[in-house]
Amino acid sequence: MSLLLKNISLPLADFTLEVDVEAAKRVTAIFGPSGAGKTSLLDLIAGLRAPHLAHIQLGDVVLTDTSKKLSLPPQHRGVSYVPQDLALFPHLSVSQNLLYGQKKGGANNSLFSFEHVTDVLEIQTLIARRVTELSGGERQRVALGRALLASPRLLLLDEPLASLDAPLKSKIIPYFARIRDEFQVPMLYVTHDRFEALTLAEEIIVLVNGKVMQTGPVSDAFLHPANAEVAKLFGVETVCPGKIIATQDGLATVEVGRITLTALAPDTAATDVFVCIRGEDVILQRDTATSSVRNRLPAKILSIRPEHALVRVEMDAGFPLFSLITRPARDELALSEGGAITALIKTPAIHLVPR
């Protein structure tokens, strides 16, 4: 089932939210920094805010059409919304919270029955408890259960894991995957965490200051960001201005300051570009052995910092460059701050976007 968001315009405090896209996959991530307009977009879809202009259609049902002065009430949209604060009732039990939003007749649908929903989310043992007695992860699952018991045609999730720490996130994410696979309800998943987007979503809508910067498969946006802003949002460590000085045989020769790199030629006539390089694509080497890697850059190590299970090495290679390597690799290379190293970057690992 597709969700059409056409000609949307909503003036906000610092900018106007403008969206014209279609979401047609099971899980679509709405991705962007805080204050980009992501929650406001969900509010429009849920019918909680009135747009200046909009045509919003879920499948064959028009939810909002300002040109016809049509706006279905929130309770008639077939949309369930899990806000950031979860909006559970602290004075009610888990069972009462779950049943609060159950759609009339929903108990007759085995897929959205109380027993099936609580079984999938593994919250059967919690139903007699009060919400105030639950952990953060348990509250999250109860909020999801309440949303599913409404038998929705669309599930809206507003940064559902933002308040959880990393270990708890890793435990909760599989439940979203089970919802995706078990209930076949399309989801709009708002997040500014690229790991969540890559893990759960099939397509992505990148919002910055109310404008759509990129849409398409999540992996494409991650590997081939449309511009420097998107690259930085996806955690690309090196984003430097460069200039294409020659192209031949599908390859581009790019100047970055005084350094020359070889990259795949982009599908653009622009010569002024941003050079984007991920730390995990930079290989470090001590010896001068011959290899197929075209970009071999002498570099000075500026800093070496642990990053989870890896080590981030910051270098000056004529421009800022980073490498993510394992701790054993750091030790084998005997890396030290102020030391010299050779950085190797494969041609396909350098992504060029127009400036």
Side-chain angles (χ1 to χ4, degrees), residues 29 31-33 166 191-201 203-204 206 208 213-244 250-257 259-268 273-285 291-330 333 335 341-355:
F31 185 82
T191 182
H192 61 267
D193 186 310
R194 60 184 183 273
F195 173 75
E196 293 176 30
L198 286 164
T199 302
L200 290 171
E203 64 180 351
I204 195 165
V206 183
V208 178
M213 292 291 176
Q214 188 166 354
T215 62
V218 178
S219 58
D220 284 359
F222 183 77
L223 295 173
H224 306 292
N227 54 48
E229 282 186 298
V230 176
K232 291 174 182 176
L233 282 174
F234 273 107
V236 178
E237 289 86 354
T238 295
V239 181
C240 291
K243 188 176 185 66
I244 297 175
L251 300 178
T253 302
V254 190
E255 283 186 345
V256 185
I259 305 301
T260 301
L261 301 173
T262 301
L264 296 181
D267 296 328
T268 176
V273 295
F274 281 106
V275 176
C276 304
I277 306 171
R278 293 187 175 279
E280 58 261 40
D281 292 327
V282 177
I283 304 165
L284 301 184
Q285 181 176 289
S291 76
S292 63
V293 179
R294 295 296 85 192
N295 299 291
R296 304 169 62 86
L297 309 176
K300 179 182 178 181
I301 299 173
L302 301 180
S303 68
I304 304 170
R305 293 190 177 92
E307 185 162 307
H308 305 297
L310 301 174
V311 175
R312 179 185 297 272
V313 182
E314 180 182 3
M315 297 165 285
D316 179 358
F319 59 92
L321 187 64
F322 299 82
S323 179
L324 287 173
I325 62 174
T326 64
R327 296 181 186 190
R330 173 201 58 191
L333 290 166
L335 300 184
I341 196 69
T342 300
L344 283 65
I345 314 169
K346 290 185 177 181
T347 296
I350 300 177
H351 178 57
L352 305 177
V353 296
R355 273 196 277 159

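When all heavy atoms are compared, the tightest approach of E237 to L324 is OE2-CD1, 3.7 Å. Residues M315 and F322 share a closest heavy-atom pair of CE-C, 3.9 Å. What you find for A349 and D281 is that their closest heavy atoms are CB-CB, 3.6 Å. Among all heavy-atom pairs drawn from H224 and Q214, the shortest one is O-NE2, 3.1 Å. Nearest heavy atoms, A226 versus M213: CB-O, 3.9 Å. The nearest pair of heavy atoms linking R327 to L310 is NE-O, 4.1 Å.
I345 has its side chain within reach of L321: a pair of non-hydrogen atoms, C-beta onward, lies under 4.5 Å apart. R296 is listed as a side-chain neighbour of Q285, based on a closest heavy-atom distance under 4.5 Å. With a 4.5 Å cut-off on side-chain heavy atoms, L233 and P33 count as touching. Within the 4.5 Å cutoff, the side chain of L264 has no heavy atoms near those of the I350 side chain.
Rounding to the nearest 0.5 angstrom, the gap separating the CG atom in L284 from the CZ atom in R330 is 12.5 Å. Atom CG in L344 sits 8.0 Å away from atom CG in L297 (nearest 0.5 Å). The distance from the CG atom of L352 to the CD1 atom of I277 is 9.0 Å, given to the nearest 0.5 Å. Taking CG from N227 and NZ from K232, the interatomic distance works out to 10.0 Å, rounded to the nearest 0.5 Å. Note that OG1 of T268 is 7.5 Å distant from CD1 of I244, once rounded to the nearest 0.5 Å. With values rounded to the nearest 0.5 angstrom, I325 atom CD1 is found 5.0 Å from L335 atom CG.
Looking only at distances, no side-chain donor or acceptor of R312 sits under 3.5 Å from a matching main-chain atom of S303. The closest donor-acceptor contact from the side chain of S323 to the backbone of V282 lies under 3.5 Å.
Between F222 and F234, the angle of the ring planes goes over 60°, which puts this pair in the perpendicular group of the 30/60° scheme.
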Would you sort out whether V236 and F274 count as a side-chain contact (heavy atoms from CB on, under 4.5 Å), showing the intermediate values? CA-CA 12 Å; V236 178; F274 281 106; over 6 Å; no
